[in-house]
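Proteins get letters first, then strands, A, B, ... in listed order; numbering begins at 1 in each.
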There are 2 protein chains.
Amino acid sequence: MLRLTKKADYGLMALKYLAEHAGEPSLSAKDIAEAYHIPPQLLAKILQKLTREGLLRSHAGMNGGYSLSRDAKEISAFEVIRAIDGPLFITSCTTGTSTCDLTASCTIKEPLARVNESIVELLRNTRISDLLDHSGREEAPPELVTIASVS
Amino acid sequence: MLRLTKKADYGLMALKYLAEHAGEPSLSAKDIAEAYHIPPQLLAKILQKLTREGLLRSHAGMNGGYSLSRDAKEISAFEVIRAIDGPLFITSCTTGTSTCDLTASCTIKEPLARVNESIVELLRNTRISDLLDHSGREEAPPELVTIASVS
DNA sequence: TGAACTCAGACTAATTTAGTCCTATACTCA
DNA sequence: TGAGTATAGGACTAAATTAGTCTGAGTTCA
């Protein structure tokens, strides 16, 4: 159904939370999990993955935790989703590894690949900073993107 | 992983096939299934659904089958996907029925809803006719949409 | 040292998606 | 009219994916 996994959701939420608390030393997986009522161990896994992918910086030990490795403006939703869920393909054909087992028959994949591209671009242009609550600010809030049909 | 279900893929493929053979009387589920090596009974189910949703016209009995209820230009990929997979929500929060069980906490959903909107728009602008093989035609083929970041 | 963390892999449970089976009904044509 | 070919649709099973748990490490710091 073209849905993000919960893990990706959690990941985005966590990054948003970290962005909001950028000043503070570092927040543990437990802290964030409690704030959002997410299973702590699951979130821990997610944050570990994001760390491995270079989106977060981790600090073990007491008073340890995570912090953004870059400014929230420099981290895109796409990076987060890809780090957690792997590469993004809209069609079940193009799983990256094997080519469509419907061999030559699946002629649909190519035009949909363009839609895929557009979605990726969309997510690339959505930054963690865009997820922050802008209420009370008067800068360009609503339209993230405009789409011009050509067809 | 933001992936279309196979059913949606199959549906799109079938509609494309029907569009290509628009002249001919009507093609049975079996015909199409064979052409693409799709499980016939599964495809039958899908076509039935598309018929119920008004995208196809069915005809039972000998030499029966399906045909597009409208011109391929008038059927969008979005309609097909929604007919098969149900409403399209990028976030697992907004499942339509229940609001996010992470109650107030999930503040991520609103900005992502806009991304969602854009994707829907994207799919709405993608018609079955766009899936047809345009090789040999010289009209506006490649860019379906252009995206202008605002942020 | 021990409390509070991260790290990582194996494992189980739950949910979703894919596909099958079976029966009923509709239409066509000889 | 009845045999053959099709759609219609519900119930069911199987497979795959996603979600979440458990366990046992290695770190850091007071």
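The phosphate of D:dA6 has neither OP1 nor OP2 within less than 4.0 Å of any side-chain N or O from B:Ser58.
Between B:Leu50 atom CG and D:dG9 atom P the separation is 13 Å, expressed in whole Å. For the pair B:Tyr66 OH and D:dA6 C1', the interatomic distance rounds to 8 Å; values are reported in whole Å. Atoms CG (A:Leu2) and C1' (C:dT17) sit 15 Å apart, rounded to a whole Å. If you take CZ of B:Arg57 and P of C:dC27, they are 15 Å apart, rounded to a whole angstrom. In this structure, A:His37 atom NE2 and D:dG20 atom P are separated by 14 Å, rounded to whole Å. Whole-Å rounding puts the A:Arg3 CZ to C:dT17 C1' distance at 13 Å. Between B:Lys49 atom NZ and C:dT17 atom P there is a gap of 10 Å when expressed in whole angstrom units. The distance between atom CG of A:Leu47 and atom C1' of C:dC5, rounded to the nearest whole Å, is 13 Å.
Every residue two or more places apart in sequence or in another chain that forms a side-chain contact (heavy atoms from CB on, under 4.5 Å) with A:Arg127 is listed here: A:Ser76, A:Ser129, A:Asp130. Judged as a side-chain hydrogen bond (donor to acceptor under 3.5 Å, both in side chains), and not counting sequence neighbours, the contacts of B:Asp31 are B:Ser28. With sequence neighbours excluded, the residues forming a side-chain contact (heavy atoms from CB on, under 4.5 Å) with A:Pro39 are A:Tyr10, A:Leu42, listed by chain and number. Taking the side-chain hydrogen bond (donor to acceptor under 3.5 Å, both in side chains) definition, one finds that A:Arg70 meets it with A:Glu79, sequence neighbours left out. For B:Arg57, there are no salt bridge (charged side-chain N to carboxylate O under 4.0 Å, His left out) partners at least two apart in sequence or on another chain. Checked against ring pair (Phe, Tyr, Trp, His ring centres under 6.0 Å), B:Tyr17 has the following partners two or more places apart in sequence or in another chain: B:His21, B:Tyr36. Taking the salt bridge (charged side-chain N to carboxylate O under 4.0 Å, His left out) definition, one finds that B:Arg124 meets it with B:Glu121, sequence neighbours left out. Under the rule for a side-chain contact (heavy atoms from CB on, under 4.5 Å), the partners of B:Ala19 that lie at least two apart in sequence or sit in another chain are B:Leu68, B:Ala72, B:Ile128, B:Leu132.
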Acceptor/donor pairs from residues 59-67 of chain B side chains to any protein atom, 3.5 angstrom cut, sequence neighbours excluded:
none

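Applying a 4.0 Å cut-off to non-hydrogen atoms, none of the residues of residues 21-30 of chain A approaches DNA chain D.
Comment: B:Glu20 engages B:Lys16 in a salt bridge, judged by a side-chain N to carboxylate O separation of less than 4.0 angstrom.
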Could you go over nucleotides 18-22 of chain C and give all protein N or O partners under 3.5 Å, atom names and distances?
{"unit_1": "C:dA18", "atom_1": "OP1", "unit_2": "B:Lys6", "atom_2": "N", "d": "2.5"}
{"unit_1": "C:dG19", "atom_1": "OP2", "unit_2": "B:Tyr10", "atom_2": "OH", "d": "3.2"}
{"unit_1": "C:dT20", "atom_1": "O4", "unit_2": "B:Lys45", "atom_2": "NZ", "d": "3.2"}
{"unit_1": "C:dC22", "atom_1": "N4", "unit_2": "B:Gln41", "atom_2": "OE1", "d": "3.4"}

Atom pairs, protein N/O to nucleotides 27-30 of chain D N/O, distance under 3.5 Å:
{"unit_1": "D:dT27", "atom_1": "O2", "unit_2": "A:Gly61", "atom_2": "N", "d": "3.2"}
{"unit_1": "D:dT28", "atom_1": "O2", "unit_2": "A:Met62", "atom_2": "N", "d": "3.1"}

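With B:Thr126 contributing its side chain and B:Ala77 its backbone, the two residues share no donor-acceptor pair below 3.5 Å.
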